[in-house]
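To start, the structure itself, in structure tokens.
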Amino acid sequence: MVRLAIDFENPCPKWWDSGGRELWEGLLEGFEENDVLLDEPVAQSVLARAAEIPGWDDGPEYAPHPIRMKAIDEDEEL
């Protein structure tokens, strides 16, 4: 399992307005969630789809994409 999360240091309105919001909201179980747990192959598939949406690479060097993948610590409660 991995966590996909919104990278708030990359606001990228172009990506969110061009289909990114719909992609993200399709993953969520509830409203106003900032992250989601997924199996790694599913997360990789989502990121590949996200990269096809205009604006994906428009962020600053320290936050290049609007969504990022984070590993889950072994001791983290899920």
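- Atom CG of Asp7 is separated from atom CG of Asp35 by 12.5 Å, given to the nearest 0.5 angstrom.
- Taking OG from Ser18 and CG from Leu23, the interatomic distance works out to 12.0 Å, rounded to the nearest 0.5 Å.
- Residue Trp24 comes nearest to Ile6 through the heavy atom pair NE1-CD1, 3.6 Å, listed as atom of the first residue, atom of the second, then distance.
- For the atom pair Leu38 CG and Leu27 CG, the distance stands at 6.0 Å (nearest 0.5 Å).
- Formation of a donor-acceptor pair under 3.5 Å by the Asn10 side chain with backbone atoms of Pro64 is found in this model.
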- Task: Give the intermediate values and the outcome of side-chain contact (heavy atoms from CB on, under 4.5 Å) for residues Val2 and Lys70.
- Result: CA-CA 6 Å; Val2 295; Lys70 301 188 306 186; over 6 Å; no
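- When all heavy atoms of Pro66 and Trp16 are compared, the pair lying nearest together is CB-NE1, 3.8 Å.
- By the criterion of side-chain heavy atoms lying less than 4.5 angstrom apart, applied directly or through intervening Ile, Leu, Val, Met, Phe, Trp or Tyr residues, Phe8 is grouped together with Val36 in one hydrophobic cluster.
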Please report, to 0.1 Å, the donor-acceptor pairs under 3.5 Å made by any side chain of residues 42-58, with sequence neighbours excluded.
residue	atom	partner	partner atom	Å
Arg49	NH1	Glu52	OE1	3.4
Trp56	NE1	His65	ND1	2.9
Asp57	OD1	His65	ND1	3.4

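- Distance check: Arg3 CZ to Arg68 CZ gives 10.5 Å after rounding to the nearest 0.5 Å.
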